[in-house]
Q: 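Encoded as structure tokens, here's the structure I'll be asking about.
Residue numbers run from 1 in the order of the sequence given. Numbering of ligands and ligand atoms starts at 1, following listing order.
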Amino acid sequence: MDNWDEFLSPYKQAVEELKVKLRGIRKQFTMNDDRSPIEFVTGRVKPVPSILDKMNKKKIRMDRLHCDMQDIAGLRMMCQFVDDIKKVVNIIRKRNDFRIVEEKDYISHKKPSGYRSYHVVIEYPVQTIQGERKILAEIQIRTLAMNFWATIEHSLNYKYNGDFPTEIQMRLQRAAEAAFRLDEEMSLIREEIQEAQKFFTKKKE
Ligand code: 0O2
């Protein structure tokens, strides 16, 4: 690729716009004094070395990059409870500022690594001076516990290049199970937690 900056420019624009839009959903809930199913939103454009690495691993050709790599633009929406994920997905499905291309449910069907998350791939129209460009972006929706596990596993993956020592592999599996149980426990006392949070928010005001 001669000019990565030029290629990535609409992706950068999409991530910035989508961060504002998705954070706006949380703002609307809190403005109405409702509990938001979204805790926080992050976004990033995949760094060039990671793009090259993934192209290599998945044998993606440069001229197919825009359609075969769906997560060059990536957004993450973190929720407190597993049930919030469905609510967020339903809100996303109702929007008309982008089109959903694919949904991947790694919560009902976790990955062999132990990874859990709900992915929504969208086609997002970016307005440029040359006209409209439709680009793919991936929104990952997960609980704080799923995010904690994925973040740790991702950094270990980087260190070991996917080839984990058996001991680490076993501990990661156990940590994934612990994160799953944490989500379950939190769901069971969800109403209690939400009441406490309402009380706390009122007291702060
Ligand atoms: P990065 O550094 O986050 O950008 P697949 O062939 O289905 O396994 P594909 O086609 O890339 O993978 O799509 P998928 O499954 O939606 O995965 C895309 C992203 O999901 C990954 O991007 C990760 O962010 C996250 N992800 C998927 N599986 C795992 C996992 O086992 N552990 C962790 N920590 N994250 C995962 P990248 O490009 O891998 O990484």
Side-chain angles (χ1 to χ4, degrees), residues 1 4 7-16 18-19 22 38-79 82 85-86 88-89 92-93 98-124 135-183:
M1 170 81 65
W4 277 107
F7 175 80
L8 292 177
S9 164
Y11 291 91
K12 284 185 184 145
Q13 189 175 327
V15 168
E16 289 314 309
L18 284 163
K19 272 197 288 189
L22 300 178
I38 303 157
E39 193 61 10
F40 63 93
V41 176
T42 62
R44 63 97 185 97
V45 174
K46 204 188 245 324
V48 175
S50 306
I51 296 178
L52 292 171
D53 198 39
K54 196 163 180 173
M55 282 174 79
N56 202 19
K57 273 190 199 138
K58 300 199 143 207
K59 306 272 171 283
I60 298 173
R61 288 199 332 245
M62 196 56 89
D63 60 331
R64 301 270 314 162
L65 189 55
H66 64 287
C67 50
D68 287 354
M69 200 175 293
Q70 299 173 322
D71 65 339
I72 295 175
L75 281 301
R76 262 183 208 148
M77 304 177 81
M78 264 57 73
C79 308
V82 180
I85 296 176
K86 267 188 237 135
V88 174
V89 173
I92 286 176
R93 284 186 187 136
F98 47 72
R99 186 175 75 81
I100 295 181
V101 175
E102 196 179 347
E103 293 187 24
K104 302 182 197 175
D105 182 357
Y106 298 129
I107 295 174
S108 308
H109 311 280
K110 68 167 184 197
K111 284 201 164 186
S113 61
Y115 178 77
R116 289 184 305 135
S117 198
Y118 197 96
H119 293 188
V120 180
V121 179
I122 60 166
E123 187 184 69
Y124 181 75
I135 63 131
L136 293 177
E138 182 175 79
I139 307 175
Q140 302 181 344
I141 307 146
R142 44 170 85 153
T143 63
L144 297 169
M146 292 172 195
N147 189 50
F148 182 37
W149 183 91
T151 308
I152 302 293
E153 197 259 3
H154 191 269
S155 30
L156 283 174
N157 214 326
Y158 194 74
K159 179 173 171 189
Y160 292 108
N161 207 2
D163 199 7
F164 295 121
T166 322
E167 165 84 6
I168 305 270
Q169 179 95 47
M170 189 196 71
R171 295 218 176 270
L172 276 173
Q173 287 287 344
R174 281 170 55 178
E177 281 156 30
F180 177 77
R181 280 201 306 279
L182 177 61
D183 273 334

Q: Quick one: salt bridge (Lys or Arg N to Asp or Glu O under 4.0 Å) pairs with a partner in residues 163-175, sequence neighbours left out?
A: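 Sorted pair list: E167-R171.
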Q: Please examine the side chains of M146 and I85, heavy atoms only from C-beta on, and report whether any two atoms are closer than 4.5 Å.
A: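 When only atoms from C-beta onward are counted, M146 and I85 do touch, with a gap below 4.5 Å.
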Q: Are there over 12 heavy-atom neighbours, none belonging to K19, within less than 6.0 Å of that residue's NZ?
A: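 Enclosed: over 12 neighbouring heavy atoms sit under 6.0 Å from NZ of K19.
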Q: Compute whether any side-chain donor of one residue and acceptor of the other, for Y118 and E103, lie under 3.5 angstrom apart.
A: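 Result is yes, a qualifying pair exists.
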Q: Report yes or no: does Q173 contribute a side-chain atom to a donor-acceptor pair with the main-chain N or O of P112 at less than 3.5 Å?
A: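 Present.
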Q: Main chain of S108, side chain of D105: is a donor-acceptor contact present, judged purely on distance under 3.5 Å?
A: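 At least one qualifying donor-acceptor pair exists.
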Q: Could you go through ligand 1 and note, for every N or O atom, any protein N or O atom closer than 3.5 angstrom, writing the atom names and distance to 0.1 Å, or 'none'?
A:
from, atom 1, to, atom 2, distance (Å)
ligand 1, 2 (O), H154, NE2, 2.7
ligand 1, 4 (O), R44, NH2, 2.8
ligand 1, 4 (O), K46, NZ, 2.5
ligand 1, 6 (O), K58, NZ, 2.4
ligand 1, 8 (O), K111, NZ, 2.6
ligand 1, 10 (O), K58, NZ, 2.8
ligand 1, 11 (O), K54, NZ, 2.5
ligand 1, 12 (O), K58, NZ, 3.4
ligand 1, 13 (O), K104, NZ, 3.1
ligand 1, 15 (O), Y106, OH, 2.6
ligand 1, 15 (O), K111, NZ, 2.9
ligand 1, 16 (O), K104, NZ, 3.1
ligand 1, 16 (O), H119, ND1, 2.8
ligand 1, 16 (O), E138, OE2, 2.9
ligand 1, 20 (O), Q140, NE2, 3.1
ligand 1, 22 (O), D71, OD2, 3.1
ligand 1, 24 (O), Q140, NE2, 3.2
ligand 1, 28 (N), K111, NZ, 3.2
ligand 1, 31 (O), S113, OG, 2.6
ligand 1, 32 (N), E153, OE1, 2.7
ligand 1, 34 (N), A150, O, 3.0
ligand 1, 34 (N), E153, OE1, 2.9
ligand 1, 38 (O), K46, NZ, 2.5
ligand 1, 38 (O), K54, NZ, 3.0
ligand 1, 38 (O), D71, OD2, 3.4

